Every structure is written in structure tokens, then in C-alpha cells.
Amino acid sequence: MKVTERIKTYEDFVKVHGILLAASGLPRSLHRQLFEKLRTDAFDGGAYFSIEPCEEGRQRRLILTSDSTMDKESNVFLIDHAWTFRLDDAYKQLQEVPGLAERMAALMCVDIDLEDDSEDDAKLNTEETLESEISEAKENGDGIVRWLELEELDIDDDKLLSLDLPSKFPELVALSLRGNKLENEEIVVQQVTKLKNLKALWLNDNPVLKKCEKHMADEIIEGCPKLEIYNSHFTRNFGAWALGFCADIYDKNNPGFVDQNGHPLQTVTSLDLSSRCIRNLINKAFSASEILSLSHLNIRGNPLDENSAGDLLQILRGFPSLQSLEVDIPGPLGGSAMDIIEHLPRLSMLNGVDTSKILETEKHVIDSVLQPRLPELTANDTLTDRVLNAMWLYLMTYRLADEEKIDETSVWYVMDELGSALRHSDEPNFRVAPFLFMPEGNLESAVSYSILWPVRHVQTGDECTRDFLFGIGEEKQRSARLTAWFQTPENYFIKEYEKHLKKLRSTSFASLPQKPPGTRNLFHKDGTALHVYTDLPQVEEYLTRPEFVITNEPKDADIIWTTLQVDEEMKKATGITDQQLINQFPFEACLVMKHHLAETVQKAHGSPDWLQPTYNLETHLTQLIGDYFVRKRDELDNLWILKPWNMARTLDTSVTENLSSIIRLMETGPKICQKYIDHPALFNGRKFDLRYIVLVRSIEPLEIFLADVFWVRLANNQYSLDKHSLFEYETHFTVMNYRGTLKNKTTPEFVKEFEQEHQVKWMDIHQRVKTMIRSVFEAAAVVHPEMHSPTSRAMYGVDVMIDSSFQPKLLEVTYCPDCTRACQYDTEAVVGRKEIVRGSDFYNYVFGCLFLNETTHVSPL
């Protein structure tokens, strides 16, 4: 029954929303209650729940505060959507909709004031700080300054020299120069290495680290033989002092002495060694005899790559009181929580989880104490910028569809304050699902909500949680995907990336030898025309050669030229046989689907310069995250582009530098993530790419031809890497046939002006493009020899970008490309014989090359 009037009864509600109710997962017992609340617009969550701040005000959580407990599947609550948008419109809406940025900033806890106005007195300058430290040492001790903090005092190289710290404070044990303006490596090394008793040095957030950190670190550690901590990381010399610092024994009030005897760590029960860049834990100070009472140990975030898992487990087994351990899993102790517990039977807690519970559930990867990934804020960010950065921690998505088609772009939304306060748990007590209510019985009247209901028994005072990755298990990379919301172990991802990179770099490829052509002219010996069936209007209109004639019946054709995939089902329906020529090769998905294209190239060539680092997010998310972390660590550009496997016209394509965004965008469909070409060659300040036409007669032997005519596609706006420009389609994308304003530039004009602008020779670039395209199709021929078919002939579009070094970069390969522009315009070829090529002859010479073995207006590769 199709309801066309406003829904009034529960029966009508179920008939209209039956599919939506089933998709939501809401138990049938709650359907009537949901209808009543939708009918009366009842948002009654406030009577049952309260929202309270956590994580020092950087997050909120939802608490059940009703007087009575809430049973499983006993109630359903409506949650409003505070913000609904398409991704391209996010920045514009935040800028233009009154109050939206303010509400979102408050909801996402990013409306905090970062300015430090807690101190009424003016900040001490360097000299005043030194005088204060000396006075304090005299008042509280022997007058010797052993711990000195000179942070954020604008100390530059000249100032450091003038302070002459080694002469004034020769007994320094710890020195912090964080956040100053030191730039000269030689001066810093010279001054610091005179402090022979130094055990800890912090130079973090100084410009000099960006220039020469590794080299300078080696010199400082060599020149300061007692140094145990450098820039928060343990050196190879670490011992009892560094361990005591992490155990809160040593600090400014108790800096310790240079050659302190005794056993200072005997009373330590808890030791946090997380993220100290420890590579070797086998150390005299780190032993059961020195830390006899140790019961809790945190070694997360350390590579520990100089110790085997067996050696580490043996050391830890020696601590008789060790009951609680935090460690990356997978990580230095192996990949299984079960194995760790087996080797350390005295443990009662592993990563915050009771070991008996781990053994009961037989979970190999366990981590319940991951720290939340809080938005990185700076005082200079606008509210809009903060929201754009933080929103990926809160967004949810759906895609609209009716009986005829599914919407091509997804809808993103933020639940209201109550819904957004639900935090994640692997064992949630609530479930949330989007729900589209159609009060008039049609999509035009639809209003979107989320619905919330308990899936466990919940006690008053309990935190209410949901599973951010409901229905997604390890087979779909659950642990890696949690990185969108949590600080997951970086070392694990980096190691997986390095293994991936090593494999790519070890791949070698030899070009295929040139062989005599294996194809022949297919024109009938009796002179009768070849019959062509096509569903492409351009072929019908522009294929005018007498050697070819159009037929309306596929079964009567010699040549099938179609935009549809010719599979067994289509052959049965149309009468197409295996003897007819078809404009597609078997398994050509290895070229025309983006994830398969990258895989094909990587299997053959590894990581060629002409293919940007590319990851199939459905299979290689872990390696992508590792690559991201390495770039972040090395302070390299981290801008990426996400592309759907098999959608054209840049649909569902995004450019971002936000790791949470990259991971969350997987939810709108399978994608590749590719390193963005952030420094492309520009044409009058605008981005461009090039569309080449490749004609393939044969895979074995490889016979491919490049059309002499190619065309340029230009972005409309001046190129910019400003973060707001990433939302501007006409700045970062070049396909304007379907969006934006199309501005054509003829190829001869483009080449002439480009050569003048950049003082280069286009033929040099063209030769590199030809070599690259040949390599792409060689990869397919070698990796997928099953592509070969004597009855296949095909045309592909190859999209290419040129970087600022004038090297070609492969973007994608397209099956049956849109050739409207090629047919509509006459142009002078800038390569080949450089003849005038009539647009109306485009399909005449394409068919001539593929089926008659001609080479008019094409060049063999």
C-alpha cells in the first residue's frame, strides 16, 4: 500500500517504513514506541540522561541519571540532527549559517580559550629567571643549581652564548631550553657539550631541530657521556636516573646527584616508560633486583627493535610483583595478548583489561585504554577551522535512495548534544542508527533522525556508550580504523609501512621485448563492409567510413562497440558470440578500476616515480596510516586525495590532510588513498591535467598506439594549498563538463603558452608521457596475461598530470572515455605528423587503427 496522505496509524507507519525499520536494527518490540514518539515529536532523552565533561573538558560523556535502571531493549529515544550537509558545502555553511559554527564548536568542545591569562604578573625575562633559580638554590639547598628551566624566553643563538651556562652552572643535571629560537647547530652543540654532568636535555620546539636533528643529537650524546634523556627520549646511556625521572623520583625539587649510589628505585611500584623511543630495554638499572616492588609498567609507543620478544618476556618474567602491563599489541612482545599472558602468568591486568576476561574471550588483540584522539588546537584557529578539524570525531553518514536510483553523494550529519556525547566502547550498552521518517508517506516529506536504544542492562550512573564501528570486525581492519578516534600504536603502523615499502622497492621490471605485430587487417576480403553495433551516439554519428556500417542488431555485427560490460549474461540476452570483435579486453578491470590499476603497477614496477604512493583502503589501511605517521614524524607534507574505486567525474573524491577524515571517508564506499600532487606544474597559475587516447590492438604481443590529439583540462581558479581551498572544486579539480564552468583551451595554444611560461620543450615532456603509458600497459600484460584475447580491440583514456619538475604522473585509466571534445573540434596535432585533425574524423581513424591496421593520426608506443 502506498500512502499518499499523512501517516496516522501504526499500521501505515510500518507499511511505509518497513524496510527502514529492518535496516535500523531496532527490535520489533520498540517499533510502536518509536512511532508514538515520532508522531508526537517526543524528545524525552533529557529526562533519562545527563551530559558531563571529561578529558579535562575536551570531551563530553553521557550518563544514565534516571531513578530506575534501564533494561535491555526497553526504550527508544529520538536524537535530532544538529547539522546535516554535503561535504563540499561544509566550510560555506559554517561561514554563512548564523550560530552554526558556535554551536558545533561547543558541541565538539573546541570553543576553549587557549590564551594563558592565569598569571597576573609579567613573565620573567632570562636574567630574572636565572637570578631566581640561584636564589632558590641558596635558600633550599647547597646553593648549586642542578635543574634549570629556560623555556619560551626567546633565547636565540647569540643570547645562549652570552649566558655562558657551562661556566655559571657546571653541576647541571637537567636543562630545558624548550620553545626558544635556537637555530645554529654548532653553537648549541658547543655550549651543551661543555655540561659534562648533564643527564637530561630538552631542546624541543626550537628551529634548529628542523634543520639537523639527527646529526646534532649524535654530537650531543657523544659529547655528554652521562646524558640519559634527550628531547624526552631515552638515550642508549639511560639508567637509574632516567627511570627515576619517569617514576617521579627525580624532578626540579630533587634532581639527584651525578654519581648517586644506593638503590633509588627500590620503592618504585609504578613506572611509565611510554613513548620514550627505547630501542633496547636490556639494562642493568631495569632489573628486578633494582626495581623489586614494580607492579605496574607501561612500555607503549617504544620500538624495542633491538630486543626479541622472547628476551623481553624473559626480563619481565623476572619482576616478581608485576601485575599490570601496558604494551602495544601487536608490538614488541608479539601479536597476541593470549601469548603474553601465557608467558607472564602473574599478570592480572593487560592494557587495562582483566587477564581472566581476555583468556575467557580468547581475544588476541586487546586494548581498552587507548587515549582519545583530541583535536589539535591553536590560538590562531577560527571557530570554523576548529570545527572542520574536529568534526570527523563526531560525523555520521547515510546516502539517500529511492526506487529508481541511489544518490551519488553522501549526506553527513552531526547528532545533537545528547547523541554526540555517546563515546565509544567495544562492549557498548546502547546502539544508534539513522532513521528517515516520512510523515506524508514520500521521500519529499522525509525528516532525518537518529534513534537510540539500550542493548544491555544499564544501571543509574553508568556511562552510555555505542560502538563507533558497529558490525565491523578485524576482517575489515577494525583496529586500524579505530585510529580515527584514538591514539593507536604508531610504531606498529610504521613497521607495517616499512615492510610494504621494502617490498615495493625490491620489485624489478624489464621492459617487454618488441615483437612483430600479431594482428591483421580485418576488412572482408570480398570488400563488404564490417557491421558495427554500438550504443554510443557519437559512433553512430561520426563513424562514416565506407568500410563500416552501423547495425541495430548485436547478433548481426562483426564489431560490438558498447559502453556496457559484455559478460555471459549479456551474451545470452543479445546473441553475441565469442567470434565477434568487442571493444573491451577480459580482465581490463586491472587497468580501469583505480585500486586494481595501482595493484597492477605496483606488482610490476614497485613504486615508480610516475605513480604517487597509493593505498587500497579496503586492504592496506594499516600501511597508509604508517606512511602518514612517518611523514608527520619527518615533518613532510601530508596532503592526500581519496578516490572511489570505480566512479567517474570526481564524484565522492576528497582532498584532506586529516587522518581521521581519511579513515572515516571509507564509510561512503571503497576508495584508494593517494598522495596528493601538491606541487603540480601550473598553467597561468591554474592546475591542469591531460587526457590521452590509447588504442590497444593486442596484449600478446603488446600492440598499443597513442592518438596524436590529446587535450588539456583546466581548473577555473588559481591554485592554492590554503586549507579552505580544499573545499573548492574549481581550484583542485579539472573536470568541468558536469560541474563548474567549462573553459576550453586548444592544445596548440596550451602547448605554445606553456613552453613560453616555463621555458621548456613540450616534446621532452611528451616523450616521458609516452614512456610512462607504455609502462602502464606493459604492467597489465605481464601481471595479467589473461587479458589477451584475439577478438578484443579497445580504446582507453589515460589521464596524466605534470608535476613542477615536468615529470608525468599517472592519474587513472578510463574505459570507453568520453570523446565529445575530440569529435566536436578540429585541431592541429602538436606531435606525430602535426597535421590538422578533423573532429568529425575521430572515430574514423580510431576504427581504422584498431580494425584496419592503419596508423593515421596515431603513433605506435
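This one's a predicted model, so the numbers in the text were calculated from it and none came from an experiment. Reckoned from all heavy atoms, side chains included, excluding hydrogens, waters and symmetry mates.
Pro748 and Thr827 get closest at one heavy-atom pair: CD-OG1, 3.5 Å. Smallest separation of non-hydrogen atoms from Ile662 and Thr656: CG1-CG2, 3.6 Å. Between Arg60 and Cys109, the shortest heavy-atom distance links the atoms NH1-SG, 3.6 Å. Nearest heavy atom pair, residue His81 against residue Ser450, reads NE2-OG, 2.8 Å. Residues Ala484 and Arg373 come closest through the heavy atom pair O-CD, 3.9 Å. Closest approach of Gln477 to Thr622, counting heavy atoms only: OE1-N, 4.0 Å.
A salt bridge links Lys723 with Asp381: at least one charged nitrogen is closer than 4.0 Å to a carboxylate oxygen. By the 4.0 Å N-to-carboxylate-O rule, Asp627 lies close enough to Arg631 to be salt-bridged with it. Asp637 and Lys675 are joined by a salt bridge, as a carboxylate oxygen and a charged side-chain nitrogen come within less than 4.0 angstrom of each other. A salt bridge links Glu753 to Lys745: at least one charged side-chain nitrogen sits closer than 4.0 Å to a carboxylate oxygen. Note on Asp799 versus Arg691: salt bridge recorded, some NZ/NE/NH1/NH2 to OD/OE distance being below 4.0 Å.
Taken from CD1 in Ile765 to CE in Met763, the straight-line distance is 10.5 Å, to the nearest 0.5 Å. The CG atom of Asp154 sits 4.0 Å away from atom NZ of Lys181, with the distance rounded to the nearest 0.5 Å. In this structure, CD1 on Ile155 lies 9.0 Å from CG on Asn206, to the nearest 0.5 angstrom. Atom OH of residue Tyr449 and atom CG of residue Asp80 lie 7.0 Å apart, to the nearest 0.5 angstrom. Separating the OG atom in Ser607 from the NE2 atom in His500 is a distance of 8.5 Å, to the nearest 0.5 Å. Distance CZ/Arg481 to CG/Leu621: 7.5 Å, rounded to 0.5 Å.
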Name every donor-acceptor pair, under 3.5 Å, that has one atom in a side chain of residues 388-397 and the other anywhere in the protein, sequence neighbours excluded.
unit_1: Asn389; atom_1: OD1; unit_2: Asn658; atom_2: ND2; d: 3.1
unit_1: Asn389; atom_1: ND2; unit_2: Glu376; atom_2: O; d: 3.2
unit_1: Thr397; atom_1: OG1; unit_2: Val411; atom_2: O; d: 2.8

Which donor-acceptor pairs under 3.5 Å do the side chains of residues 666-674 make with protein atoms, sequence neighbours left out?
unit_1: Glu667; atom_1: OE1; unit_2: Arg664; atom_2: NH2; d: 3.2
unit_1: Glu667; atom_1: OE2; unit_2: Arg664; atom_2: NE; d: 2.5
unit_1: Glu667; atom_1: OE2; unit_2: Arg664; atom_2: NH2; d: 3.3
unit_1: Thr668; atom_1: OG1; unit_2: Asp652; atom_2: OD1; d: 3.4
unit_1: Thr668; atom_1: OG1; unit_2: Asp652; atom_2: OD2; d: 3.0
unit_1: Thr668; atom_1: OG1; unit_2: Leu665; atom_2: O; d: 3.1
unit_1: Thr668; atom_1: OG1; unit_2: Lys671; atom_2: NZ; d: 2.5
unit_1: Lys671; atom_1: NZ; unit_2: Asp652; atom_2: OD2; d: 3.0
unit_1: Lys671; atom_1: NZ; unit_2: Leu665; atom_2: O; d: 2.8
unit_1: Lys671; atom_1: NZ; unit_2: Gly669; atom_2: O; d: 3.0
unit_1: Gln674; atom_1: OE1; unit_2: Lys643; atom_2: NZ; d: 3.0
unit_1: Gln674; atom_1: NE2; unit_2: Thr614; atom_2: OG1; d: 2.8

### Message
Please evaluate residues Asn616 and His596 with respect to the criterion side-chain hydrogen bond (donor to acceptor under 3.5 Å, both in side chains), reporting the C-alpha separation (whole Å), side-chain torsions for both, the decisive distance (0.1 Å), and the verdict.
### Response
CA-CA 9 Å; Asn616 178 358; His596 289 320; over 6 Å; no
Verdict with reasoning, Glu749 to Thr746, per side-chain hydrogen bond (donor to acceptor under 3.5 Å, both in side chains): CA-CA 5 Å; Glu749 289 176 332; Thr746 69; 3.0 Å; yes
Requested in this report: Apply side-chain contact (heavy atoms from CB on, under 4.5 Å) to Arg686 and Tyr719, showing your working.
Outcome: CA-CA 5 Å; Arg686 291 183 290 160; Tyr719 182 67; 5.9 Å; no
- Message: Would Val630 and Asp634 count as a side-chain contact (heavy atoms from CB on, under 4.5 Å) here? Give the steps.
- Response: CA-CA 6 Å; Val630 167; Asp634 297 342; 3.6 Å; yes
- Would Met108 and Val414 count as a side-chain contact (heavy atoms from CB on, under 4.5 Å) if you check the C-alpha gap in whole Å, the side-chain angles of each, and the deciding distance to 0.1 Å? CA-CA 10 Å; Met108 298 174 188; Val414 177; 4.1 Å; yes
Q: Could you go through the side-chain hydrogen bond (donor to acceptor under 3.5 Å, both in side chains) check for His595 and Glu618 one step at a time?
A: CA-CA 9 Å; His595 62 307; Glu618 296 298 305; over 6 Å; no
Stepwise side-chain contact (heavy atoms from CB on, under 4.5 Å) test for Thr653 and Leu642:
CA-CA 6 Å; Thr653 301; Leu642 289 94; over 6 Å; no
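Between Tyr413 and Trp83, the ring centre distance reaches or exceeds 6.0 Å. Under the 6.0 Å cut-off for aromatic ring centres, His758 and Phe806 qualify, their centroids lying closer than that. For Tyr615 and His620, the gap between ring centers reaches or exceeds 6.0 Å. Taking the six-membered ring for Trp and the full ring otherwise, Tyr796 and Tyr692 have centroids separated by 6.0 Å or more. Residues Tyr628 and Phe493 place their aromatic rings such that the two centres sit no closer than 6.0 Å.
The one candidate from Trp485, Phe486, Phe470 that meets the ring pair (Phe, Tyr, Trp, His ring centres under 6.0 Å) condition with His424 is Phe486.
Put simply, the side chain of Thr384 reaches to within 4.5 Å of the side chain of Gln95, judged on heavy atoms. Put simply, the side chain of Glu757 reaches to within 4.5 Å of the side chain of Asn684, judged on heavy atoms. In this structure the side chain of Leu203 reaches within 4.5 angstrom of the side chain of Tyr230, judged on heavy atoms. For the pair Phe629 and Tyr492, the minimum side-chain heavy-atom distance is 4.5 Å or more. A 4.5 Å side-chain heavy-atom check between Met772 and Leu810 finds at least one atom pair inside the cut-off. Within the 4.5 Å cutoff, side-chain heavy atoms of Lys770 are placed close to those of His766. Contact annotation: the side chain of Ile693 never approaches that of Leu706 to less than 4.5 Å [non-hydrogen atoms, C-beta and beyond]. A heavy-atom distance below 4.5 Å is found between the side chains of Met216 and Leu209.
Arg386 places a side-chain N or O within 3.5 Å of a backbone atom of Thr378 that can act as its donor or acceptor partner. The closest donor-acceptor contact from the side chain of Asp157 to the backbone of Asn184 lies under 3.5 Å. A donor-acceptor contact shorter than 3.5 Å links the side chain of Asn491 to the backbone of Gly301. A distance-only check finds no donor-acceptor pair linking the side chain of Arg713 to the backbone of Phe688 [under 3.5 Å]. Side chain of Asn231 to main chain of Trp202: no donor-acceptor pair is present (N/O by atom type, distance under 3.5 Å, no hydrogens or angles).
Arg505 CZ: 12 or fewer foreign heavy atoms inside a 6.0 Å radius. Counting non-hydrogen atoms of other residues, nucleotides and ligands closer than 6.0 Å to CG of Asp609 gives a total of 12 or fewer. Heavy-atom contacts from other residues, nucleotides or ligands closer than 6.0 Å to CD of Glu186 number 12 or fewer.
Ring geometry for Phe710 versus Trp762: interplanar angle under 30°, hence parallel rather than tilted (30 to 60°).
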